Amino acid sequence: MTGEDYYDSKEFRKILSKYEKARNAGEPVFQDADELAEIADYYRMNGESEQANIAIKLALKLSPGAVSPLCYCIHEALDNNDTAKAWHYLNQIIDKDDPDYVYCRGEILVAEDRIDEAEQYFNDTLKTVPDDERQDYLLDVVNIYDDGGLNEKAMEWMMRVTPDGSSDYKEAMARSLFGVGKFKDSARLFNELLDTDPFQKRYWNALASAQYMTEDYSGAVESSEYAIAIDPNDPDGLIAKANSLYHLGNRELAIDYYHRYLDQVPDDEFTMLLLGTCLVDCDRSDEAVDVLKEAVEIGQPYSPYLPDIYQELAFAYKERGEIDEAIRCIDMTDAMDCDHIQMTVIKGHIQLSAEHIKEAEHYFRQALQESDTPAKTLLRIIVSLYDNLYLEAAYKMMLHYFKLVEPDDRDGYAYMALCCHDLKRNDEYMQYLEKACQLNPAECKFVLSHLFPKEVEPKNYYNYLKENS
């Protein structure tokens, strides 16, 4: 047993009880370094960082140079992106032949993006691994690469593992398949794992993730519900259900699950962004402003999500009629790494929503003048016109747009089809729909799916209408 399974076991509970009794009584703790490292890890997993630090410091004091507590410190340093401190702890390990030393050294190299060195190190070490330990070693390397986001490397090493049908093999293969985008194959293996261990919540969460990636949002909701039934406060299950509900259009229930997730993980600015987006969609802009302002505070100054947070905050202010404040939010992204042309278009969109025509025109012109891809920028402006119900203007600008791009350009036809649909230009609607289905089914789905039954594939929208007209 590993991880949460082990921490729920009688064996670990006995170790923890012995430690806590001694601590509470003020008596000396007589436990080895491995047990104290496990206790520290347990406390850290449960958010009790102070207790974790007490346990690990005791382990280091009682057993200087021991592998387990130093590996704990290495992983904590890596979690904080402090590889210098990780090397400091690694160099204190006495037994350089211990497998955990090997894995920690490899993890640090991966964290520093020294992939060639990590690969050479793992391969050199593999030559010294006894045959009866080779399988476990290969799987551990797979997991290191998988955790480091090196999906192709993980799959390369997975191909060296002997298929044995074990749970460890199936789980590593399932995660590797997920990493390289083979989501259906990954889901199949997680289903097999659940057939033998239906109360393993990490399998349910992994299955939910695979289903989410194949847009099986109903299946993802169902899988996440099993994880939540096993542990009502499981963050992975809660966020999986929230995200899937959002894509199913059930925004109000998604909001409830985003809140439940944030109760467990309160400083996740990306989830606050998702929650804020849901609140704006549900016309709860006052709540959205509060959530998104908190996300800004948490994300300052380095979060990669700050431009998106400011953008959504601008939309929330727009819904409240606070146009100047909305524009100020977009201005906050000027020094950030983001699509500044898109941000200028959004300024125009916000002004247009308030019927500030001259101001909107100013920003739209600016975006076009500064854009390296003016046709794509023009399409964004046309979408803004449509969203603000300037349908005739959007239609005329779409005609101009098609004169600028090549005849077989893939973008825009679904938007033109929608515009013609709303303007009751039925012949043109069918003409542009046919071309959209041929050239860009993905755009068809995004733009036109609300007009068709869910079971109809976007590439077949035109044929469906022809057959049912």
Side-chain angles (χ1 to χ4, degrees), residues 269-270 273-274 276-277 280-281 288 292 295-296 299-319 322-419 436 439-440 442-447:
E269 77 273 19
F270 180 66
L273 167 61
L274 298 175
T277 302
V280 171
D281 290 347
L292 292 165
V296 167
Q300 294 284 10
Y302 301 117
S303 172
Y305 306 117
L306 276 174
D308 292 323
I309 294 169
Y310 274 119
Q311 177 179 315
E312 201 60 41
L313 184 56
F315 290 146
Y317 279 122
K318 174 181 77 72
E319 292 303 311
E322 299 177 47
I323 302 304
D324 290 343
E325 192 64 24
I327 297 297
R328 187 191 70 81
C329 287
I330 301 300
D331 287 340
M332 293 297 292
T333 69
D334 285 350
M336 296 179 184
D337 182 14
C338 61
D339 185 343
H340 295 291
I341 301 301
Q342 172 69 359
M343 290 300 180
T344 304
V345 172
I346 290 172
K347 288 182 185 180
H349 176 78
I350 290 169
Q351 295 287 8
L352 193 61
S353 72
E355 299 184 0
H356 298 166
I357 307 301
K358 290 184 178 179
E359 291 86 347
E361 288 179 348
H362 165 75
Y363 286 122
F364 289 153
R365 283 199 188 96
Q366 179 184 339
L368 287 168
Q369 289 168 359
E370 296 177 358
S371 177
D372 293 331
T373 54
K376 290 184 178 180
T377 301
L378 179 59
L379 182 57
R380 295 174 182 176
I381 293 169
I382 293 168
V383 172
S384 174
L385 289 170
Y386 175 86
D387 287 343
N388 284 292
L389 302 180
Y390 291 88
L391 302 185
E392 195 64 41
Y395 170 80
K396 290 178 180 178
M397 287 189 71
M398 282 298 312
L399 293 175
H400 177 64
Y401 167 81
F402 290 130
K403 293 178 182 178
L404 297 178
V405 300
E406 296 297 325
D408 59 348
D409 190 275
R410 299 174 67 251
D411 298 329
Y413 292 99
Y415 288 104
M416 184 57 154
L418 180 62
C419 202
L439 294 176
N440 200 336
E443 187 182 78
C444 283
K445 181 175 183 179
F446 181 73
V447 176

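Just so it is clear, the structure is predicted and the values come from calculations on it, not from any experiment. Both backbone and side-chain heavy atoms feed into the values below; hydrogens, waters and symmetry mates do not.
- Of the candidates Leu292, Leu273, Val296, Tyr310 forms a side chain to side chain contact (heavy atoms under 4.5 Å, CB included) with just one, namely Val296.
- With a 4.5 Å cut-off on side-chain heavy atoms, Ile323 and Glu359 do not count as touching.
- Rounding to the nearest 0.5 angstrom, the gap separating the NZ atom in Lys347 from the NE2 atom in His362 is 8.0 Å.
- Looking at Tyr413 and Leu418, their side chains never come closer than 4.5 Å, going by heavy atoms from C-beta outward.
- Going from atom CE of Met336 over to atom CG of Asp334 covers 9.0 Å, rounded to the nearest 0.5 Å.
- Taking each heavy atom of Cys419 and Ala394 in turn, the nearest pair found is SG-CB, 4.0 Å.
- In terms of heavy atoms, Ala414 sits closest to Glu443 at N-OE1, 3.1 Å.
- In summary, the side chains of His349 and Asp387 do not present any donor paired with an acceptor at a separation below 3.5 Å, with no hydrogens or angles considered.
- Of all heavy-atom pairs spanning Met397 and Leu385, the tightest one is SD-CD1, 3.1 Å.
- Taken from CG in Asn440 to CG in Asp411, the straight-line distance is 5.5 Å, to the nearest 0.5 Å.
- Asn388 places a side-chain N or O within 3.5 Å of a backbone atom of Ser384 that can act as its donor or acceptor partner.
- Pairing each heavy atom of Ala360 with each of Gly348, the nearest pair is CB-O, 3.4 Å.
- Note that the CD1 atom of Ile330 and the OH atom of Tyr363 stand 10.0 Å from one another [nearest 0.5 Å].
- Crowding of Gln300 atom CD: a count of heavy atoms from other residues, nucleotides or ligands under 6.0 Å exceeding 12.
- Counting heavy atoms from C-beta on, the side chains of Leu274 and Tyr305 never come closer than 4.5 Å.
- A salt bridge is absent between Asp409 and Lys376; no separation between the charged side-chain nitrogens and carboxylate oxygens falls under 4.0 Å.
- Here the CD-CD1 distance, from Gln369 to Ile341, works out to 10.0 Å after rounding to the nearest 0.5 Å.
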### Message
Let's go through Glu392 and Lys396 carefully: what are the C-alpha distance in whole Å and the side-chain angles of both, what is the deciding distance for side-chain contact (heavy atoms from CB on, under 4.5 Å) to 0.1 Å, and is it a yes or a no?
### Response
CA-CA 6 Å; Glu392 195 64 41; Lys396 290 178 180 178; 3.9 Å; yes
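- Two residues are said to be in side-chain contact when any heavy atoms from C-beta on lie closer than 4.5 Å; Met416 and Leu399 meet this criterion.
- Residues Tyr415 and Val383 are in side-chain contact: their nearest non-hydrogen atoms beyond the backbone lie under 4.5 Å apart.
- Within the 3.5 Å criterion, the main-chain N or O of Leu439 finds a donor-acceptor partner in the side chain of Arg410.
- With sequence neighbours excluded, the residues forming a salt bridge (Lys or Arg N to Asp or Glu O under 4.0 Å) with Arg328 are Glu325, listed by chain and number.
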### Message
If you apply the rule side-chain contact (heavy atoms from CB on, under 4.5 Å), what do you find for Gln366 with Val345, and how did you get there?
### Response
CA-CA 9 Å; Gln366 179 184 339; Val345 172; over 6 Å; no
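- Rounded to the nearest 0.5 Å, atoms CD (Glu319) and OG (Ser353) are 7.5 Å apart.
- Within 6.0 Å of atom CG in Asp324, 12 or fewer heavy atoms from other residues, nucleotides or ligands are found, so the atom counts as exposed in its surroundings.
- Put simply, the side chain of Met398 reaches to within 4.5 Å of the side chain of Leu379, judged on heavy atoms.
- Scanning both residues, Leu306 and Pro301, for their nearest heavy atoms gives CD1-O, 3.8 Å.
- Evaluated for a side chain to side chain contact (heavy atoms under 4.5 Å, CB included) with Ser371, the options Thr344, Thr377, Leu378 yield exactly one hit, Thr377.
- Aromatic rings of Tyr395 and Tyr386 (six-membered ring for Trp) have centroids beyond the 6.0 Å cut-off, not under it.
- Looking only at side-chain heavy atoms (C-beta outward), Phe315 and Lys318 come within less than 4.5 Å of each other.
- The two residues Thr333 and Met343 make their nearest non-hydrogen contact at OG1-CG, 3.6 Å.
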